[in-house]
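Read through the structure below, which is laid out as structure tokens, and then see the notes.
Just so we're on the same page: letters track the sequence lines, and every chain starts at 1.
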Amino acid sequence: MSYLLETVGLTRRFQVGQGMFKPKATLHALNGVDLRLKKGQVLGIVGESGCGKSTLAKILLGLLAPSEGSVLLDGKDIGTIGRMDFTRRVQPVFQDPFSSLNPRKTIADIVTMPLRVHGIGTDAERRKRAAGIMDMVGLPARFAERYPKELSGGQRQRVAIARALVMNPDLIICDEPTSALDASVQSQILNLLMDLKRELGLTYVFISHNLSVVEHLVDQVAVMYLGRVVELGSTAQVFDAPQHPYTRALLDSALTVAPSLGVPDIGLGTAFPNPLAIPPGCPFQPRCPRAFDLCSRVRPHPVDVALGGAACHLAEEPLRGAA
Amino acid sequence: MLKPLLSVRDLRVDLNTRSGVLHAVRGISFDVAPGETLCIVGESGCGKSMTSLALMDLLPRVARRSADEITFDGQDLTRRRIAGKLRGRRMAMIFQEPMTALNPAFTIGDQMVEAYLYHVGGTRAQAVDRAAQMLEKVGIGSARSRLGQYPHQLSGGLRQRVMIAMALMTDPELLIADEPTTALDVTIQAQILRLLKDLQQELGLAIILITHDLGLVSRIADRIVVMYAGAIVEEGTAAEIFDRPAHPYTRALIDCIPQPGKTERGAPLGTIPGVVPLLIGRQDGCAFRDRCSLAQPRCADDIPTQDAGSHHWVCIHGGQA
Amino acid sequence: MTAITTNPPSRAGRAFRRLAHHPSLLIGSGIVLLMVLIAIFAPLIAPHDPYVQDISRRAVPPVWYEKGTWENILGTDQLGRDYLSRLIYGTRVSLLIGFSVVAISGLIGTTLGLLAGYFGGKVDTFVTFIVTVRLAMPVILVALAVVALFGGSMWVVITVLGLLKWDRFAVVVRSTTQQIRALDYIASARTAGASTAWILLREVLPNIAPQLIVIATIEVASAILMEAALSFLGLGVQPPLPSWGLMISEAKSYMFFSFWLIAIPGTALATLVFAINLAGDGLRDMITPERS
């Protein structure tokens, strides 16, 4: 089986200054991340801030180079693909539609920017293409000559989507695409993303902290904790039968509409994950309500990208017993 | 029903803008009972934040507040001297981004102590004891040493806990929280809200929580006020609002969010066509009628409030329409 | 105005309407524009040749004095040259120096600031270092040394000031670029495959243009004053070229007998600098995002 997107042992370290008199520390933003994504599928990435999901997005977009490991697009290392070919195939939709559009450019300029960068078409052809794309994402043609500040948040996010689509990409990296939007606007953008996926056969990596949205939209989920994938599986596997205590805590803390449930006690304690001092053994062990002696000594096996499952001693035991 | 702790009648907030007077809050009325959680929910621009700022007298300079009545425990909050005595002491506020509400140049201990000495008095040692006690109460371990830390040394979740501890220093009866967990991770959010709920039971605190997050509201609210375009469109208990939403806007808004178990995965979500009306100038009739699927010509006339016990809504349609 | 609001007004139309709200900009730029026109059409406006000396008509006072004549409205200097004509030609020198210096320093400062702000790291450290070095050099003393080496002339003054006065451009452009670099529209351009040059010129530069314009006005005024100071010290523009600074310098020995010889070029200098600063302030107010 071939995959549109594959990451192999993706690792990214940063050197972080800790003040003038202390040596620089190494921050492992990503640590051996393996992911696979088939064409036409949606992979959701969830986790708390600092779990490495934004670093992952930057690497998948080619904005940041991995320290180790590789990203494969259709089986080819993106380092060998060539920047122009790569940018034609992979495009972003960012979180904040107020910072993702250049305030001094018209909407038409913004949408046609990738075409101009790649030297595709004449001015008239580009404008025609922009008009077609704008229509597809539900932007009235009269917006072409307007400036971003004249548009609402939802309209601006449509512009960002139009810009991402103008080159006919295969893969869209959505980094919290609706987090800055109101509920009624969020649903419009999510519907649009689902429609576009069907119509154009797009593949998404969908990064979000909103678990209800992820559950609604994605086919597969990777749960990340301190730079590692701690649980991976289909939406049904992960959301209906979570194996990792962290996944369970995340799902419990998602406040879905349920007036009778009240605010849950998720039992995580107040220890805050520090990416500069990842504990030995299981990284989640200091916060884990189900930790036992093994957890502080032995690091659980990483998730097998082919099988899915959880990187947790509790999840490993029954498997070993069966084998 | 208990005698309300806070009563608001016909509260209006007008903002002067270049294009004219913007009526951000258009005559809203509500009560908060002692020990109750009232959630004010709505989308951006609905006036919910202006309402909270108006209650605390923290409106921006371009804004004007007027009201028939704002009383706290029977005392008239529209009078500056009375409001000044109550604010920060018997009513406190926490904000979305604690980093902007905490002064980065002072330790959290200094800030907590200063506020206490100003409002309550007593000796410095008493105030320090109280601060340490409150930090422990909000779940911050080794409280004494935390008092000497600066805001930037704390994580976002801890900062919000410090904000809550600081707000509770003077043992207030009402806490106004404006999107207190929006900037936090879901796990931290759940913990902070759990903490607020526990503290509320322990201290008999009334809470006004302002948020756009319907899921959050459904979990924490005793009563809910739904705002649209500066006005209250529906008010009721959490069960009434979520199980029997009466106003078409409330219903449409609930349909917009994916609900695990209820919404089919991948199915199109509900949407609300159109945009929020301009809040400049007069608004006759129902402000939602341009976006409403049930709109009729008479929606442009004065809309009567319908009542079903504690459940009210401002719409010509009945609860099950 | 109501007719315009139904259609989105054109860019120029909106700019013009905003201009009407900023009287300081209107007055400042009006005076500057007038001075530019005077400089361009100096040969047509000046009543006399500014270089022709008439020993028989030395130090004639302006027309409003008892001994003044309409022949020389602002009188003549100690060599009998028509003062009005020299003043008019002096506008050319002042504006030429002001704008040329800023063209050079703006180019240097903007380039350094863009590179430092965009690349950060070692590039930033290097640029910050040379900004510090530059700030440690007193402009007047350096100019003195250069003039001592190469002799004084208008082009030496322009070159020296242009090579020295880029620091403000570099500092402001650097910090603004740092802020813009972190915004997602830069990331979007990068993920579209845009080159660094494209990003700097087409995405960043248009967004720092407002700040650049404001600094440029301040720097033009400052360069004009510096030229006057250098010329006054005899290190700048050399006689017989008419420069306002030089006119003041030449008049200083007669200031107790012929006060107007200093007052007239002094007033012209003050008016121009004031107008440029007024325009700069107005521009800054106009481009600062409106608060609603």
Side-chain angles (χ1 to χ4, degrees), chain A residues 42 46-51 152-155 181-192 194-195 197-198 209-219 235-236 239-240 246 249-274 287, chain B residues 42-45 139-141 154-158 161 184-191 193-198 212-221 237-243 249 252-273 275-276 291:
Chain A
V42 183
V46 298
E48 292 166 296
S49 45
C51 75
S152 70
Q155 290 165 341
L181 306 175
D182 272 320
S184 64
V185 182
Q186 163 172 290
S187 68
Q188 292 175 9
I189 298 293
L190 293 178
N191 286 350
L192 174 66
M194 289 189 284
D195 290 345
K197 187 195 125 184
R198 259 191 305 275
H209 72 278
N210 188 328
L211 290 149
S212 306
V213 166
V214 170
E215 177 173 353
H216 187 73
L217 203 76
V218 310
D219 303 302
T235 306
F239 281 91
D240 298 343
Y246 177 63
L250 269 186
L251 291 177
D252 284 347
S253 47
L255 301 177
T256 51
V257 172
S260 54
L261 283 187
V263 183
D265 183 0
I266 53 167
L268 281 190
T270 50
F272 191 73
N274 180 0
R287 297 169 79 193
Chain B
E43 298 184 279
S44 28
I140 296 180
L154 305 172
S155 70
L158 278 182
R161 281 172 196 262
L184 304 174
D185 277 315
V186 285
T187 47
I188 314 293
Q189 160 168 293
Q191 290 179 322
L193 293 176
R194 181 78 242 158
L195 171 72
L196 275 179
K197 267 299 191 197
D198 292 345
H212 70 282
D213 186 339
L214 285 172
L216 191 164
V217 167
S218 77
R219 301 294 191 96
I220 199 168
T237 65
E240 283 163 348
I241 296 289
F242 285 99
D243 298 343
Y249 174 66
L253 197 58
I254 294 172
D255 280 345
C256 284
I257 51 173
Q259 297 182 54
K262 249 189 202 168
T263 323
E264 190 195 336
R265 282 174 191 157
L269 298 163
T271 55
I272 304 178
V275 290
V276 183
R291 308 173 72 187

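- Contact of Gln189(B) with chain A is made through the side chain alone, with heavy-atom distances under 4.5 Å.
- With rounding to the nearest 0.5 angstrom, the CG atom of Leu250(A) is 5.5 Å from the CG atom of Leu211(A).
- One distance of note links CG of Asn191(A) with CG of Leu269(B); it measures 5.0 Å at 0.5 Å rounding.
- Here Thr235(A) is the residue among Asp265(A), Val185(A), Thr235(A) with the most heavy-atom pairs under 4.5 Å with chain B.
- For Ser212(A), the parts sitting under 4.5 Å from any heavy atom of chain B are the backbone and the side chain alike.
- Nearest heavy atoms, Gly154(A) versus Ile189(A): O-CD1, 3.7 Å.
- Ranked by heavy-atom pairs shorter than 4.5 Å toward chain A, the options Gly215(B), Ser218(B), Ala221(B), Pro260(B) are led by Ser218(B).
- No side-chain heavy atom of Met194(A) sits under 4.5 Å from any side-chain heavy atom of Val42(A).
- Side chain of Arg194(B) to backbone of Val263(A): a donor-acceptor contact under 3.5 angstrom is found.
- Highest contact tally toward chain A, considering only His212(B), Gln191(B), Glu43(B), Glu264(B), is held by Glu43(B) [criterion: heavy-atom pairs under 4.5 Å].
- Contact count against chain B (heavy-atom pairs under 4.5 Å) is highest for Asp240(A) among Asp219(A), Asp240(A), Leu181(A), Leu190(A).
- Here Ile266(A) is the residue among Ile266(A), Leu217(A), Asn210(A) with the most heavy-atom pairs under 4.5 Å with chain B.
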List the steps, then state whether side-chain contact (heavy atoms from CB on, under 4.5 Å) holds for Thr256(A) with Arg219(B). CA-CA 8 Å; Thr256(A) 51; Arg219(B) 301 294 191 96; 3.0 Å; yes
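- Under the 4.5 Å side-chain criterion, counting only non-hydrogen atoms from C-beta, Thr187(B) is in contact with Arg287(A).
- Options Ile220(B), Val275(B), Leu158(B), Leu216(B) differ in how many heavy-atom pairs under 4.5 Å they form with chain A, and the most are formed by Leu216(B).
- Most heavy-atom pairs under 4.5 Å with chain B, from the set Ala236(A), Ser260(A), Ser253(A), Pro264(A): that is Ser253(A).
- Of the possible polar contacts, none joining the His216(A) side chain to the Pro268(B) backbone as a donor-acceptor pair under 3.5 Å is found.
- Both the backbone and the side chain of Leu193(B) have a heavy atom closer than 4.5 Å to some heavy atom of chain A.
- Ranking Gly261(B), Gly139(B), Ala190(B), Gly266(B) against chain A, the residue ahead of the rest is Gly266(B), based on heavy-atom pairs under 4.5 Å.
- Looking at Leu268(A), both its backbone and its side chain come within 4.5 Å of chain B, counting heavy atoms on both sides.
- Both the backbone and the side chain of Ala258(A) come within contact range of chain B, each with at least one heavy atom under 4.5 Å from a heavy atom of that chain.
- Between Val46(A) and Val214(A), the shortest heavy-atom contact is CG1-CG2, 3.7 Å.
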